[in-house]
Amino acid sequence: MKFLDEYRDGNAAQKYAHEIARITTRPWTLMEVCGGQTHAIVKFGIDELLPAQITLLHGPGCPVCVTPVELIDKALELAAKPGVIFCSFGDMLRVPGSKTDLLAIKAEGGNVRIVYSPMDALKVAEQNPEKEIVFFAVGFETTAPTTAMAAYQASQRGLRNFSLLVSHVLVPPAIEAILSAPDRRVQGFLAAGHVCTVMGFEEYLPIAEKYRVPIVVTGFEPLDILQGILMCIQQLETGRAEVENQYSRSVRQEGNRPAQQLIRQVFRVAPRKWRGVGEIPRSGLALAEAYAAFDAERKFGLAEIHVDEPSECQSGLVLQGKLKPTRCPAFGTRCTPEHPLGATMVSSEGACAAYYRYRREPAPA
Ligand code: SF4
């Protein structure tokens with residue numbers, strides 16, 4: 001197949017669904033890791049094509065959603081500083097901190113700019129030498145190489161007015177945290193194809209073996225996801241627990257070695273707090289000592305803070321696949337994309353946003 005439409009072909013989707021139903025003999029619970037996959041599942045009704053014995057749980061694969069409140073509050077503090085141009089992906093602007101969000105800071109006069117890449121932020125730094133430019137580096141392994149490249153280029157060009165507020169997280173430790181939970185329900189994983197395009201899937205081999213769980217690297221189009229589910233169910237039904245690659249048009253086992261090398265050069269692995277989930281050891285990236293000059297937290301002397309998550313928002317349970325968004329009492333009433341209580345309602349990859357957009361009950365006439 002060459003074109004996007006072919007990966008959305010309804011007849012082919014029905015064939016996959018029939019084959020999944022044919023081989024399924026008992027209940028199985030799978031989790032898709034990535035928020036992009038969650039949106040495709042909800043948008044195209046993929047879960048509704050599956051036999052009732054198969055349950056899909058939505059995982060923590062939305063980097064915007066798992067950015068902790070403390071870091072959002074630090075972003076707000078930096079964005080409100082005179083002389084700072086705060087650059088961010090657009091998704092982050094509506095994510096609530098403990099009191100407000102970046103959009104409100106911008107409305108109040110903060111110099112907040114939406115950029116599409118950290119390299120755009122670097123350009124802003126070169127064009128505004130009298131200002132301090134901070135880029136909010138949020139993302140999984142997928143976007144870490146471009147952040148690393150921005151830090152590397154800033155270093156090479158001797159830019160002193162550029163820094164990074166880093167919130168990069170790593171997928172394999174989150175999968176392990178879910179598999180180690182005493183109330184674990186997940187029996188098979190669809191791993192995120194774009195993360196594995198960068199990192200490969202060698203890291204997943206010991207996880208599949210240790211927890212006896214199939215992991216299928218999967219793409220994002222409906223037929224990708226259905227094929228990934230089929231491969232996962234085939235393994236479960238035959239008692240196998242292996243790592244397989246559905247997304248072979250993009251992913252190689254070893255991944256993109258130059259990108260990995262750049263990540264290793266600029267970052268070190270660090271513990272990271274995940275919003276709603278808590279701290280997961282070795283699950284984040286922080287700037288390596290050689291790049292400490294580009295660490296916005298150090299540069300601006302931001303103090304460590306602890307902020308309680310808003311008690312009404314249950315996004316921690318949503319992110320662990322323990323609660324369907326529509327079961328949250330605030331869903332669609334006190335929490336909407338216009339007035340979000342949690343990041344999962346804001347982000348384009350958030351599960352609550354997906355259900356709000358595609359699965360909302362129509363308002364009574
Ligand atoms: S619907 Fe809103 S309040 Fe409920 S979990 Fe999702 S983001 Fe949080």
Side-chain angles (χ1 to χ4, degrees), residues 29 31-43 45-48 55-73 75-76 88-105 136 138-140 167 169 174 177-178 181 183-186 192 272-280 306-364:
T29 300
M31 174 177 274
E32 86 278 358
V33 172
C34 173
Q37 292 166 335
T38 302
H39 269 252
I41 287 166
V42 179
K43 177 178 179 182
I46 292 170
D47 48 342
E48 293 168 342
T55 303
L56 293 185
L57 301 179
H58 312 310
C62 162
V64 172
C65 306
V66 300
T67 301
V69 193
E70 287 87 347
L71 218 54
I72 304 288
D73 279 2
L76 298 170
S88 169
F89 296 135
D91 263 18
M92 297 306 297
L93 264 63
R94 296 296 315 279
V95 176
S98 60
K99 294 192 182 72
T100 183
D101 60 31
L102 282 168
L103 199 61
I105 297 285
F136 200 2
V138 173
F140 284 116
S167 181
V169 281
I178 288 165
D183 56 350
R184 159 188 165 183
R185 289 173 61 203
V186 183
R272 179 70 67 185
K273 185 175 176 188
W274 294 53
R275 189 169 190 157
V277 177
E279 185 168 301
I280 303 178
H306 173 78
V307 181
D308 289 327
E309 310 259 349
S311 56
E312 194 176 11
C313 177
Q314 305 192 44
S315 61
L317 296 177
V318 171
L319 289 164
Q320 296 172 76
K322 294 178 178 173
L323 181 78
K324 281 255 177 202
T326 47
R327 305 297 291 273
C328 169
F331 177 85
T333 53
R334 290 181 305 288
C335 181
T336 63
E338 291 74 36
H339 300 285
L341 292 177
T344 46
M345 186 55 97
V346 187
S347 166
S348 60
E349 294 195 351
C352 300
Y355 277 80
Y356 188 87
R357 190 159 177 197
Y358 303 115
R359 291 282 169 87
R360 207 159 18 122
E361 295 289 325

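Everything numeric in this text was worked out from a predicted model, so none of it was measured. Atoms considered below: every heavy atom in the structure, side chains included; atoms not considered: hydrogens, waters and symmetry mates. Starting from 1, each residue takes its place in the sequence as its number. Counting convention: from 1, in listed order, for ligands and their atoms alike.
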Open item on the list: With side-chain contact (heavy atoms from CB on, under 4.5 Å) as the criterion, how do Val318 and Cys328 come out once you've worked through the C-alpha distance, each side chain's angles and the decisive distance to 0.1 Å?
Closed with: CA-CA 9 Å; Val318 171; Cys328 169; 5.6 Å; no
Students should be able to answer this: which protein heavy-atom is nearest to [atom], and at what distance?
{"atom": "atom 6 (Fe) of ligand 1", "result": "Cys352 SG, 2.4 Å"}
{"atom": "atom 8 (Fe) of ligand 1", "result": "Cys313 SG, 2.4 Å"}
{"atom": "atom 4 (Fe) of ligand 1", "result": "Cys328 SG, 2.3 Å"}
{"atom": "atom 7 (S) of ligand 1", "result": "Thr344 OG1, 3.2 Å"}

Open item on the list: Under 4.0 Å from a heavy atom of Gly342: which atoms of ligand 1 are those, numbered in the order shown and with their elements?
Closed with: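 Those atoms are 7 (S).
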Task: Ligand-residue contact atoms, ligand 1 with Met345, heavy atoms, under 4.0 Å - done: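 Atoms satisfying the 4.0 Å criterion: 7 (S).
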Task: contact_flag Pro325 ligand 1 heavy-atom lt 4.0 Å - done: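 Contact absent.
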TODO: Examine the side chains of Thr38 and Glu32 and answer whether a donor and an acceptor come within less than 3.5 Å of each other.
DONE: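 Checked: Thr38/Glu32 side chains pair up, N/O donor to acceptor below 3.5 Å.
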Open item on the list: Please determine whether Cys335 has a backbone or side-chain N, O or S atom lying under 2.8 Å from atom 2 (Fe) of ligand 1.
Closed with: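 For Cys335, the answer is yes, given that an N, O or S atom comes within less than 2.8 Å of atom 2 (Fe) of ligand 1.
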Task: Heavy atoms of other groups near Arg184 CZ, more than 12 under 6.0 Å - done: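 Yes, because the 6.0 Å sphere around CZ of Arg184 holds more than 12 heavy atoms from other groups.
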TODO: Please check if the side chain of Arg94 supplies one atom and the backbone of Glu338 the other of a donor-acceptor pair under 3.5 Å.
DONE: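 Pair found, side chain donor or acceptor close to backbone of Glu338.
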- [ ] Determine the interplanar angle of the Phe331 and Tyr356 rings, folded into 0 to 90°, and report it as parallel if under 30°, tilted if 30 to 60°, perpendicular if over 60°.
- [x]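 Phe331 vs Tyr356 ring planes: perpendicular.
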Open item on the list: In terms of relative ring orientation, are His39 and Tyr358 parallel, tilted or perpendicular, with 30° and 60° separating the classes?
Closed with: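 Perpendicular, since the angle between the ring planes exceeds 60°.
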